[in-house]
Q: 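Supplied in structure tokens, the structure appears directly below.
Sequence lines set the chain letters: A, B, ... in the order given, protein chains first and strands last, and positions in each chain run from 1. The model shown is predicted, which means the values in this text are computed figures rather than measured ones.
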2 protein chains.
Amino acid sequence: MLYSIGEMAKLLSLPASTLRYYDQEGLLPGLTRSPGGTRMFTETDYKALMVIDCLKQSGLSIKEIKAFMELAAGGDETIGDRLALFRGRKAALEAQIEELQETLALLSYKCWYYETAQAAGTEDAVQNLPPDQVPEAHRAAMARLEVRRLAEEEAGK
Amino acid sequence: MLYSIGEMAKLLSLPASTLRYYDQEGLLPGLTRSPGGTRMFTETDYKALMVIDCLKQSGLSIKEIKAFMELAAGGDETIGDRLALFRGRKAALEAQIEELQETLALLSYKCWYYETAQAAGTEDAVQNLPPDQVPEAHRAAMARLEVRRLAEEEAGK
DNA sequence: ACTTGACTTAAAGTTCACTTTAACTGTTAC
DNA sequence: GTAACAGTTAAAGTGAACTTTAAGTCAAGT
């Protein structure tokens with residue numbers, strides 16, 4: 001089964017111009033052309049594009065993805081390099097997700113904060129709430145807003 | 001406690017130029033200046049900058065964050081709007097994290113793939129592996145690489 | 001007073017990942 | 001065959017988020 005650039009663009013829900021750009025940047029070394037010069041995408045190209053998206057989401061730049069694609073074109077000799085790359089990306093993404101979980105906790109705290117403020121009709125009510133009335137679940141997020149971090153406890157300035 | 005732009009930059013581990021840029025873009029409406037014109041950052045500004053980072057991580061642009069900061073400057077009347085914004089950001093980030101979990105699953109599959117290929121000395125060995133020898137945990141990720149999605153099952157072309 | 005380092009501004013420059021344009025050519029349906 | 005549509009290229013343009021530059025001012029220590 002072969003796909004035109006328009007068909008492939010629909011399958012991936014992205015503009016055809018992006019596929020041309022990726023091709024131009026060397027992200028699709030295996031891509032073939034019809035006698036007339038039209039790009040013909042195969043299922044293998046589809047898989048490559050899914051992996052490209054995956055690497056992109058993991059934080060790689062287009063140039064870095066190109067380097068990986070060249071590795072992949074290098075065959076079995078580069079299996080070790082590619083394994084190392086995926087292990088690195090996996091670790092990076094795990095770290096990234098952890099960071100986003102902390103961000104999420106802060107957003108949850110802010111939702112609680114504004115829900116409480118809304119119920120009271122004013123923000124002051126939440127600001128003046130004794131700390132022990134803040135739900136346990138939000139304490140850590142709340143603490144992240146405090147300065148401290150990095151400053152090694154200077155004596156009262 | 002007051003901080004110079006350099007001190008605040010260190011606390012946040014970002015360049016002072018970024019803080020000037022944020023100020024210029026209107027992200028710090030409460031920021032005051034010394035008689036000589038030097039920016040003086042308070043703990044409130046620190047908190048605001050933590051929230052800015054949080055909103056940025058949740059996918060908001062600088063312009064959108066500015067709009068929020070203006071809302072916040074509007075006082076108690078805008079509590080409802082701000083609550084709605086944080087709820088929206090929370091939902092968006094939750095969706096984003098789910099997506100990254102899927103990406104992570106694909107990376108895990110790729111790690112397994114290359115570990116197996118490395119053990120066999122060639123990629124072909126993994127390619128030719130009967131599907132039931134692929135660990136259950138990786139089946140879904142593997143399936144995501146297949147075309148199908150969106151195509152409504154055309155009769156054998 | 002003077003040096004040094006950190007601050008100030010406006011404006012221009014950078015990087016990234018596309019996106020658009022213009023002029024043209026290939027492909028498909030009638 | 002021809003219209004209309006989908007494809008092609010090289011090159012220029014876009015928008016976001018900074019970053020750098022240049023020229024100058026402020027603040028702290030000696």
Side-chain angles (χ1 to χ4, degrees), chain A residues 1-28 31-42 45-46 48-69 92 96 103 154 157, chain B residues 1-28 31-42 45-46 48-69 89 92 96 99 103 154 157:
Chain A
M1 183 62 184
L2 293 173
Y3 304 92
S4 71
I5 198 169
E7 289 165 340
M8 187 51 69
K10 265 190 191 162
L11 284 176
L12 296 163
S13 309
L14 48 79
S17 62
T18 301
L19 291 177
R20 290 201 190 91
Y21 168 68
Y22 285 174
D23 185 23
Q24 186 177 297
E25 295 301 307
L27 266 51
L28 300 166
L31 193 59
T32 60
R33 302 288 187 114
S34 77
T38 296
R39 291 175 184 83
M40 298 184 308
F41 290 79
T42 65
D45 295 319
Y46 178 85
L49 284 160
M50 293 299 283
V51 171
I52 284 168
D53 181 59
C54 169
L55 292 173
K56 208 154 55 92
Q57 296 246 52
S58 86
L60 282 198
S61 70
I62 296 295
K63 266 190 192 167
E64 290 166 323
I65 295 173
K66 176 190 176 168
F68 167 75
M69 287 308 179
Q96 166 70 358
T103 298
E154 10 73 13
K157 267 188 188 175
Chain B
M1 181 64 184
L2 293 175
Y3 304 92
S4 71
I5 197 169
E7 289 165 340
M8 187 50 70
K10 265 190 191 162
L11 285 177
L12 296 164
S13 309
L14 48 79
S17 62
T18 300
L19 291 177
R20 290 201 191 91
Y21 168 67
Y22 285 174
D23 185 23
Q24 187 176 297
E25 294 304 305
L27 264 51
L28 299 165
L31 192 60
T32 60
R33 303 287 187 117
S34 77
T38 296
R39 291 174 185 83
M40 299 185 309
F41 290 79
T42 65
D45 295 319
Y46 178 86
L49 283 161
M50 293 299 283
V51 171
I52 285 168
D53 181 59
C54 169
L55 291 174
K56 208 154 56 94
Q57 296 246 52
S58 86
L60 280 199
S61 70
I62 297 295
K63 266 189 193 168
E64 290 166 324
I65 296 173
K66 176 190 176 167
F68 167 75
M69 288 305 180
R89 284 301 92 202
Q96 166 70 358
E99 207 184 318
T103 298
E154 12 71 15
K157 267 190 186 174

Q: When you measure from the side chain of A:R33, which nucleotide among C:dA17, D:dG7, D:dT8 comes out closest?
A: D:dT8

Q: Within less than 4.0 Å of OP1 or OP2 of D:dG7, is there a side-chain N or O belonging to A:R39?
A: no

Q: With a non-hydrogen cut-off below 4.0 angstrom, is B:R20 in contact with a base, only sugar-phosphate, or nothing?
A: base

Q: Nearest nucleotide by nearest heavy atom, which residue falls closer to the 5' end of DNA chain C, B:T38 or A:K56?
A: B:T38

Q: Give me the atom names and distance for the closest heavy-atom approach of B:A9 to B:A16.
A: CB-N, 3.8 Å

Q: Of B:P15 and A:M40, whose closest DNA chain D nucleotide lies nearer the 5' terminus?
A: A:M40

Q: Without decimals, in angstroms, what is the distance between A:L14 CG and C:dC18 C1'?
A: 11 Å

Q: Report yes if at least one side-chain N or O of A:S34 is closer than 4.0 Å to OP1 or OP2 of C:dT27; otherwise report no.
A: yes

Q: Heavy atoms under 4.0 Å, any strand shown: does B:T18 hit a base, just sugar-phosphate, or nothing?
A: sugar-phosphate

Q: Which heavy-atom pair separates B:L19 from B:L28 by the least distance, and what is that distance?
A: O-CD1, 4.2 Å

Q: Should B:Y22 be listed as having a side-chain N or O under 4.0 Å from OP1 or OP2 of D:dC18?
A: yes

Q: Pick base, sugar-phosphate or nothing for B:S17, based on heavy-atom distances below 4.0 Å to the nucleic acid.
A: base

